[in-house]
Amino acid sequence: MREPEVREHERFRNIFTVTVNGLQRLATRNLSPGISFYGEELIMHVGSEYRIWNPYRSKLAAAIVNGVTMVPVRPGSKILYLGAASGTTVSHVSDIVGGSGEVYAVEFSHRSIRELIERVCRHRMNVQPILADARTPSKYKMIVGRVDAIYCDVAQPEQAKLLALNSIFLKKGGEVMIAVKSRSIDVTLSPSTVFEREVETMRMSGFQVFDVVHLEPYEIDHVMITARLEG
Ligand SMILES: C[S@@+](CC[C@H](N)C(=O)[O-])C[C@H]1O[C@@H](n2cnc3c(N)ncnc32)[C@H](O)[C@@H]1O
């Protein structure tokens, strides 16, 4: 095996590409060296360890590979993450924001939050698990302060409305990323109609929409929408 070539992504800080034997993959620098969270490959390079980030396992990675122009997850950011599941993407978001950032990870499934705590939080100081329903943000407003960005992947109908409810946490000019699955919203409508409706809901809620990126071939009938809360 040839020595890996590691470069920071040309647009996004603390997100990397790792090239081995001509194969380029996305990665983040492991904040907990030696620990693989969901079986992802670990690559050593010049004293740092990188975790391969698979776009088939993470919609955020799929959006980056498919050319999203804005990723509101940056070193030092405070992120409200809605729909944390067992922490696959949360673990990479935690790597990107690093030790000075914070991830508030909201999840309503007891089983998933247990796995999130076991797999991720136990090894990370910057991920706070919150067992709650993202439709009732008042339940966690004592824990979550102002955040720089919201990442929303709850695979539920009316995601854009749910995001708007949580925008009370977003600082002025804060940014959001929302993964929309057309079949979670309305199986009787075409995916493009569903996506347009969600974008419209976001605009009506005061967001300026930047990207609507399709996630094929990694996820079928999904888009990632990025937007900024107008101040
Ligand atoms: C598609 S999965 C998330 C995958 C995860 N974002 C990742 O990339 O690793 C959606 C998750 O949202 C959670 N969820 C759905 N509705 C929710 C709600 N109203 N409040 C909190 N969590 C919710 C589900 O239990 C599920 O774990």
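Each residue takes its place number in the sequence, starting with 1. Counting starts at 1 for both ligands and their atoms, following the listed order. Since this is a predicted model, take the numbers as computed values, not measurements.
- Protein heavy atom nearest atom 2 (S) of ligand 1, with residue, atom name and distance: Asp153 O, 4.0 Å.
- Within the 4.0 Å heavy-atom cutoff, Ala132 counts among the residues contacting ligand 1.
- No hydrogens or angles considered: nothing links the side chains of Ser94 and Ser91 as a donor-acceptor pair under 3.5 Å.
- With a 4.0 Å heavy-atom cut-off, ligand 1 is reached by the side chain of Gln156 but not by its N, CA, C or O.
- A chain of hydrophobic side-chain contacts below 4.5 Å, direct or via other Ile, Leu, Val, Met, Phe, Trp or Tyr residues, connects Val223 to Val209.
- Scanning the protein for heavy atoms near atom 9 (O) of ligand 1, the closest one is Thr89 N, 3.2 Å.
- Any N or O atom pair closer than 3.5 Å counts here, and Ser58 shares no such pair with ligand 1.
- In the vicinity of Asp133, heavy-atom distances shorter than 4.0 Å reach the ligand 1 atoms 18 (C), 19 (N), 20 (N).
- When Tyr38, Phe108, Tyr81 are ranked by how near their heavy atoms come to atom 17 (C) of ligand 1, first place goes to Phe108.
- Remark: minimum distance from atom 15 (C) of ligand 1 to any protein heavy atom is reached at Val154 O, 3.1 Å.
- The two atoms that bring Asn66 and His214 nearest to each other are ND2-O, 2.9 Å, heavy atoms only.
- Short contacts between ligand 1 and Arg135, defined as distances under 4.0 Å to a heavy atom of the residue, involve ligand atoms 19 (N).
- Salt-bridge check for Lys139 with Asp133: failed, with every basic side-chain N at 4.0 Å or more from each acidic carboxylate O.
- Scanning the protein for heavy atoms near atom 12 (O) of ligand 1, the closest one is Gly83 CA, 3.4 Å.
- Here the options are Arg51, Arg25, Arg119, the test is salt bridge (charged side-chain N to carboxylate O under 4.0 Å, His left out), and the partner is Glu40; only Arg51 passes.
- Between Trp53 and His92, the angle of the ring planes stays under 30°, which puts this pair in the parallel group of the 30/60° scheme.
- Side chain of Glu175 to main chain of Arg228: no donor-acceptor pair is present (N/O by atom type, distance under 3.5 Å, no hydrogens or angles).
- Each of Arg122, His123, Arg124 was scored for a side-chain hydrogen bond (donor to acceptor under 3.5 Å, both in side chains) with Ser32, with one residue passing: Arg124.
- Taking the six-membered ring for Trp and thresholds of 30 and 60 degrees, Tyr140 and Phe169 have nearly parallel ring planes, at less than 30 degrees apart.
- An N or O contact shorter than 3.5 Å links Ala134 to ligand 1 by distance.
- Looking at Ala179 against ligand 1, nothing comes within 4.0 Å, counting heavy atoms.
- Between Glu107 and ligand 1, a contact under 3.5 Å exists for at least one N or O pair.
- If you number the atoms of ligand 1 from 1 as listed, the ones under 4.0 Å from a heavy atom of Lys59 come out as 1 (C).
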